[in-house]
Amino acid sequence: MSTQTGPALGTTSTGPVPVPGPRGLPLLGNLPQFGKNPLAFFELLRGHGDLVRWRFGRNRCLFVSDPAHIGELLTETERTFDQPSLGIAFRTVMGDGIIVARGREWRRKRSLVQPSVRPRQVTSYAATMAASAVELADSWSDGERVDIKREMAALTQRIAVRTIFGVDTPADSEAMGRAMDVAQAEIGKEFAGIGALLPDWVPTPGRARIRKAAAVIDAEVARVVALHRDGETERPDLLSRLLTAVDESGERLSDEEIRDETVTLYIGGHETTSSTLVWAWYLLSRNPRVRAALAEELDRVLGDREPGIDDYARLPYVQAVVKETLRLYPTIWLITGVAKEGARLGGMPVEEGTRVWSSQWSTHRDPRWFPEPEEFRPERWDPEEGDEIAEYAWFPFGGGPRVCLGTRFAMVEAVLVLAVLARRFVLDVDPGAVEPVPSLTLQPDRDVLATVRTR
């Protein structure tokens with residue numbers, strides 16, 4: 001694959017020189033363009049060059065498109081790039097969890113959370129993932145009409161409740177699910193609108209709604225934590241592992257920290273996988289060739305049995321379908337950091353305080369890194385005959401020291417769920433385009449209705 005860079009940049013002895021992006025407005029900068037359609041705006045910036053200056057309100061910003069620069073941003077996080085403030089709406093839901101923590105506190109929390117999602121632990125959750133998918137498959141019938149968005153959300157909520165909380169009461173997932181839907185929408189509105197520039201103390205209807213949603217989330221987590229602490233037997237779920245984890249000084253996570261990390265794991269184990277599965281069904285329905293190749297692998301490897309964790313490595317095409325879905329519709333659609341003193345990109349000094357952005361959506365659809373970028377072609381991920389993909393040209397889970405801890409959990413869950421359901425059924429999604437909405441995660445803009453067909 002070609003590894004050329006984008007439109008020509010000037011260079012100096014200290015590295016490439018950024019080019020100016022589209023002209024902004026006084027005070028607001030490029031916020032109106034960004035807010036109208038963030039995904040299209042990032043593609044517009046990519047068309048200007050690989051290092052582009054723009055303004056988010058009064059904030060100096062730099063947009064990076066070249067995988068080499070993206071890799072520097074991701075791998076240098078914590079050393080020369082800092083986590084930015086992501087707004088009051090985001091913090092109200094996520095608290096001070098591992099996603100937003102910085103420096104020493106981030107390292108402490110990572111050491112406490114990471115053991116809960118190591119490969120060995122994920123292996124122990126795989127049976128629950130597959131069994132939950134089998135329950136859904138058993139409830140479907142030939143010719144039935146379903147809303148895939150609703151079905152996948154309910155399924156991944158059930159898996160999250162069982163693996164993270166270790167409980168199985170429908171009210172748990174329903175209450176959390178409704179609150180998270182509100183939170184997703186309000187975070188997206190604030191992040192891309194004028195609310196992003198308002199001080200935290202300014203009251204708005206959206207901030208009132210998100211506080212109400214966060215209160216529901218807090219109450220549900222507190223209730224389940226209390227159940228765990230009152231129990232007399234050891235549980236194998238993620239929450240139990242967090243409750244017993246200790247840091248180097250022998251300290252455990254506080255109740256507030258438990259809440260923050262539990263919400264983070266819930267979003268990683270439910271919201272991201274749910275969205276990925278919806279987009280996978282949408283793409284499969286519109287690509288009969290890929291759907292046939294997927295069915296062939298499932299029939300050859302599984303026959304009439306349900307998949308387990310040992311089948312994960314035996315289903316490379318299913319994995320490729322998930323990877324290609326994450327390329328076209330990356331659940332996490334942007335990465336951002338703030339330059340510290342001494343920050344550099346491509347040898348170029350980056351002024352302290354500059355906010356540096358990159359977008360999975362834009363880079364994953366760049367024809368320099370992915371030939372025929374709009375095509376759904378899982379074969380590009382074939383390790384022997386696929387495309388030569390540059391490092392950090394595909395980064396749906398981030399990368400570097402702050403790579404998503406739930407990466408393997410999400411991949412195993414998506415592959416096993418897709419294998420269970422696609423072995424028995426095809427889903428014919430109704431005609432008409434489904435557009436992505438960039439909120440907390442990349443979500444479909446409407447219900448995704450389909451007809452279930454028995455294979």
Side-chain angles (χ1 to χ4, degrees), residues 1-9 37-52 63-75 272 275-291 293-294 316-335 345-346 357-400 403-404 407 410-411 414-415 418 433-436 438 441-442 444:
M1 174 183 289
S2 170
T3 56
Q4 68 186 61
T5 59
L9 297 174
N37 189 332
L39 303 179
F41 180 69
F42 285 144
E43 291 194 275
L44 174 67
L45 292 180
R46 189 189 76 205
H48 281 71
D50 282 333
L51 288 165
V52 182
F63 183 74
V64 299
S65 293
D66 190 292
H69 300 147
I70 294 169
E72 287 183 277
L73 173 63
L74 293 172
T75 57
T272 57
S275 175
T276 299
L277 288 167
V278 173
W279 291 119
W281 289 117
Y282 174 73
L283 290 165
L284 286 168
S285 181
R286 280 153 174 71
N287 292 273
R289 180 196 62 79
V290 176
R291 188 157 74 177
L294 176 69
Y317 198 78
V318 183
Q319 290 187 48
V321 167
V322 172
K323 289 180 179 179
E324 183 71 345
T325 299
L326 284 166
R327 183 186 69 81
L328 284 168
Y329 294 97
T331 310
I332 306 302
W333 51 279
L334 69 85
I335 298 289
L345 285 173
W357 304 63
S358 66
S359 170
Q360 290 92 331
W361 172 272
S362 173
T363 302
H364 289 186
R365 290 169 178 258
D366 189 329
R368 294 173 296 162
W369 323 122
F370 297 97
E372 301 175 307
E374 303 297 322
E375 295 294 319
F376 181 55
R377 187 159 57 82
E379 289 78 10
R380 72 176 80 241
W381 297 99
D382 187 302
E384 296 181 0
E385 300 180 6
D387 297 340
E388 181 183 347
I389 298 172
E391 187 177 16
Y392 294 112
W394 184 79
F395 55 112
F397 301 104
V403 66
C404 175
T407 296
M411 282 297 299
V415 167
L418 194 60
V434 178
E435 299 297 333
T441 57
L442 198 67

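The structure presented is a predicted model; accordingly, all values stated were derived computationally and were not measured. Count residues from 1 along the sequence.
Contact detail for Pro330 and Arg327: the closest heavy-atom pair is CD-O, 3.5 Å. Residues Phe395 and Ser358 share a closest heavy-atom pair of CE1-OG, 3.8 Å. Pairing each heavy atom of Phe42 with each of Ser362, the nearest pair is O-OG, 3.6 Å. When all heavy atoms of His48 and Val52 are compared, the closest pair comes out as CB-CG2, 3.9 Å. In terms of heavy atoms, Leu328 sits closest to Trp361 at O-CZ3, 3.4 Å. In terms of heavy-atom proximity, Arg46 sits nearest to Pro367 at NH2-CD, 4.2 Å.
Using modelled atom types, one side-chain atom of Asn37 and one backbone atom of Ala40 make a donor-acceptor pair closer than 3.5 Å. Tyr317 contributes no side-chain N or O that, together with a main-chain N or O of Ala293, makes up a donor-acceptor pair within less than 3.5 Å. A donor-acceptor contact shorter than 3.5 Å links the side chain of Asp366 to the backbone of Arg368. Judged by distance alone, the side chain of Ser359 and the main-chain N or O of Trp333 form a donor-acceptor pair under 3.5 Å. The main-chain N or O of Glu384 is found under 3.5 Å from a side-chain atom of Asp382 such that the two form a donor-acceptor pair.
Atom CD of residue Glu391 and atom CD1 of residue Ile70 lie 11.5 Å apart, to the nearest 0.5 angstrom. Distance check, rounded to the nearest 0.5 Å: CG of Leu277 to OG1 of Thr272 gives 9.5 Å. The CG atom of Leu51 sits 4.5 Å away from atom NE2 of His69, with the distance rounded to the nearest 0.5 Å. In this structure, Leu73 CG and Ile335 CD1 are separated by 7.5 Å, a value rounded to the nearest 0.5 Å. For the atom pair CZ of Phe376 and CG of Asn287, the computed distance is 6.0 Å after rounding to the nearest 0.5 Å.
Results of the salt bridge (charged side-chain N to carboxylate O under 4.0 Å, His left out) test with Arg377 over Glu324, Glu372, Glu385 single out Glu372 as the only residue that passes.
Within the 4.5 Å cutoff, the side chain of Leu418 has heavy atoms near those of the Trp281 side chain. The closest side-chain heavy-atom distance from Leu283 to Val290 is not below 4.5 Å. Side chains of Ile332 and Thr441 form a contact here, defined as non-hydrogen atoms less than 4.5 Å apart. Side-chain contact between Pro38 and Leu334 is absent, with no heavy atoms from C-beta onward closer than 4.5 Å.
Shown here is Glu374, whose CD atom has more than 12 heavy atoms of other residues, nucleotides or ligands within 6.0 Å.
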Practice prompt. Just do the side-chain contact (heavy atoms from CB on, under 4.5 Å) check on Met411 and Leu326 with the steps written out, would you?
Written response: CA-CA 10 Å; Met411 282 297 299; Leu326 284 166; 4.1 Å; yes
Worksheet item: What do the steps show when you test Tyr329 against Val278 for side-chain contact (heavy atoms from CB on, under 4.5 Å), and what is the final call?
Response: CA-CA 10 Å; Tyr329 294 97; Val278 173; over 6 Å; no
Worksheet item: Between Thr276 and Thr325, does a side-chain hydrogen bond (donor to acceptor under 3.5 Å, both in side chains) hold up when you go through it step by step?
Response: CA-CA 7 Å; Thr276 299; Thr325 299; over 6 Å; no
Fill in: Evaluation steps, side-chain contact (heavy atoms from CB on, under 4.5 Å), between Tyr392 and Thr75
CA-CA 10 Å; Tyr392 294 112; Thr75 57; 3.3 Å; yes
Item to complete: Run the numbers on Asp387 and Trp369 for side-chain contact (heavy atoms from CB on, under 4.5 Å), then give the verdict.
Response: CA-CA 9 Å; Asp387 297 340; Trp369 323 122; over 6 Å; no
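Salt bridge Arg365/Glu43: absent, no basic N to carboxylate O contact under 4.0 Å.
There is no side-chain donor-acceptor pair under 3.5 Å between Gln319 and Trp381.
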